[in-house]
2 protein chains.
Amino acid sequence: MHSTAEENYIKAIYKLSGGGANAVSTTALSETLETKPASVSDMLRKLSAKDLVHYVKYYGVQLTEEGKRVALKIIRKHRLWEVFLVQKLHFTWDEVHEVAEQMEHVKSELLIQRLDEFLGHPRVDPHGDPIPSEAGELRQEEQRVLSSLAVEQKGVVCRVKDSQPAFLQYLNKVGIQIGSQLQVVDKIPYDNSLEISIDKNRSVILSSDVLEKIFVINP
Amino acid sequence: MHSTAEENYIKAIYKLSGGGANAVSTTALSETLETKPASVSDMLRKLSAKDLVHYVKYYGVQLTEEGKRVALKIIRKHRLWEVFLVQKLHFTWDEVHEVAEQMEHVKSELLIQRLDEFLGHPRVDPHGDPIPSEAGELRQEEQRVLSSLAVEQKGVVCRVKDSQPAFLQYLNKVGIQIGSQLQVVDKIPYDNSLEISIDKNRSVILSSDVLEKIFVINP
DNA sequence: AAATAAATTTAGGCAAACCTAAACTTTTAT
DNA sequence: ATAAAAGTTTAGGTTTGCCTAAATTTATTT
Ligand SMILES: [Mn+2]
Ligand SMILES: [Mn+2]
Ligand SMILES: [Mn+2]
Ligand SMILES: [Mn+2]
């Protein structure tokens with residue numbers, strides 16, 4: 001298998017290239033990985049020998065198909081662990097990254113299959129980023145702002161655009177988190193607020209301010 | 001912090017020394033760690049320099065107090081992850097070890113605290129081995145065979161002495177697993193079988209054969 | 001008490017993943 | 001079109017953790 005260092009490089013290349021589209025420069029990598037450019041050159045030669053990247057000296061790297069496959073696997077693991085940490089262990093969004101950065105390197109197919117099952121096959125991580133499928137497909141699902149839903153329409157919370165503690169505490173209080181199943185119960189035209197049911201349990205009225213900060217995908 | 005290699009050595013020394021009691025030989029370590037004796041000598045010099053072990057050339061190693069503390073922390077993490085894998089992800093006893101061997105090296109105090117909480121502060125791992133407390137204390141609790149309990153007495157399943165699939169499947173069927181809360185409801189003197197309630201839910205009658213294979217600790 | 005056997009350490013190397021300093025390419029500015 | 005600046009690679013080191021082969025120490029025989 002691949003070393004932790006190799007995996008971190010692959011993932012960084014994937015992200016900096018925008019999913020494998022563009023070539024990535026040595027300095028860009030050295031910055032995100034917090035190493036020196038010389039070390040990056042070193043590693044790129046190795047990754048190239050393993051056919052994980054196309055590397056043209058002085059002009060940058062790109063992932064090969066195999067490289068992309070590896071990248072998506074690591075990203076899948078990273079994001080599943082993030083979901084676990086937030087939903088099961090009650091980590092906050094800003095606490096998860098460092099830990100997930102380590103857990104993503106644990107090697108076991110069974111583990112990640114079972115974890116996915118245990119979490120109910122989540123489609124987005126706590127930051128609203130999509131989780132690649134077991135087959136390695138990453139479909140960026142259409143995200144709509146909650147304020148745009150019509151009465152009766154449903155959505156699953158995938159992203160919140162405000163990380164101030166006060167706002168997050170408010171969401172916590174009303175019971176909204178990433179993954180919550182929402183449905184618009186009623187629309188109050190006076191101030192554009194909506195009555196929203198949460199996980200088929202309670203229901204609350206959310207102001208248009210709040211509605212603008214919550215994003216959902218189709219259920 | 002300590003590297004994965006160092007942590008594995010510390011843990012191996014702890015286990016081979018029987019909790020820090022006896023000195024451990026280079027060859028013993030090389031066997032359990034699947035490295036050559038020369039590599040062990042190398043590492044022992046390093047661990048000694050870090051004051052994690054007392055090392056007397058040609059005569060073996062022992063953990064220092066600090067070394068013992070480190071060992072118990074790793075063992076705590078290993079066993080908590082084993083509980084997670086079995087209870088939450090439905091791994092079997094024999095599937096957990098390799099994965100826990102990796103997860104035990106993830107660094108995060110918060111993670112392990114929250115995991116412990118999430119699992120309900122378990123006291124034994126799926127093999128019946130005790131889980132060191134957060135303070136680093138390992139109390140081997142008195143294990144009694146289920147057949148020895150009197151009517152009304154309670155116990156928590158901590159170990160099962162038969163790993164044949166047929167037996168494990170039987171336990172699975174009646175709903176007994178490590179951590180199950182049992183209470184003796186009635187005693188049938190005719191064949192020494194017992195009626196046992198499981199997790200305050202259902203109750204079953206277990207034959208004396210089965211009772212001899214299940215061990216419990218005090219609730 | 002030697003001699004032999006077994007266990008252990010030391011010496012010298014290697015690969016991974018990093019580093020600094022120097023050399024080389026490519027880009028930008030004059 | 002050259003020169004300077006910026007980016008990148010190469011050369012030569014370091015540390016970690018492993019290896020083999022040789023030397024050394026301890027244990028066991030005779
Ligand atoms: Mn990582
Ligand atoms: Mn994320
Ligand atoms: Mn381990
Ligand atoms: Mn165990």
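Within every chain, numbering begins at 1; the chains are lettered A, B, ... in the order of the sequence lines, protein sequences first and strands thereafter.
Ionic pairing of Glu7(B) and Lys73(B) is not present here: no N-O contact between side-chain nitrogen and carboxylate oxygen is shorter than 4.0 angstrom. Between Lys50(A) and Glu6(A) there is a salt bridge, since a side-chain N of the basic residue sits under 4.0 Å from a carboxylate O of the acidic one. No salt bridge links Lys107(B) with Glu101(A); every basic N to acidic carboxylate O contact stays at or beyond 4.0 Å.
For DNA chain D, the neighbouring residues in residues 51-58 of chain A, judged by any heavy atom under 4.0 Å, are Tyr55(A), Lys57(A), Tyr58(A). Contacts of residues 1-27 of chain A with DNA chain D (heavy atom under 4.0 Å): Ser25(A), Thr26(A), Thr27(A).
In the set dC18(D), dT9(D), dT16(D), dT9(D) carries the atom at the smallest distance from any side-chain atom of Ser41(A).
Put simply, the side chain of Thr35(A) never gets that close to the backbone of Ser39(A): no donor and acceptor are under 3.5 Å apart. In terms of modelled atom types and a separation under 3.5 Å, the side chain of Lys161(A) and the main chain of Lys213(A) share no donor-acceptor contact.
Side chains of Glu82(B) and His78(B): a donor-acceptor N/O pair is present below 3.5 angstrom, by distance only. Glu95(A) and Thr92(A) are linked by a side-chain donor-acceptor pair at a separation below 3.5 angstrom, with hydrogens and angles left out of the test.
Protein chain A contacts DNA chain C from dA16(C) to dT26(C), reading 5' to 3' and using non-hydrogen atoms of the protein with a distance under 4.0 Å.
For the side-chain contact (heavy atoms from CB on, under 4.5 Å) test with Pro132(B), the passing option among Arg69(B), Arg76(B), Lys77(B) is Arg76(B); the others fail.
Surrounding CD of Glu109(A) are at most 12 heavy atoms belonging to other residues, nucleotides or ligands under 6.0 Å away.
With the nearest nucleotide of DNA chain C identified for both Leu44(B) and Lys36(A), Leu44(B) has the one nearer the 5' end.
Here dT16(D) presents its P atom at 18 Å from CG of Leu33(B), a figure rounded to the nearest Å.
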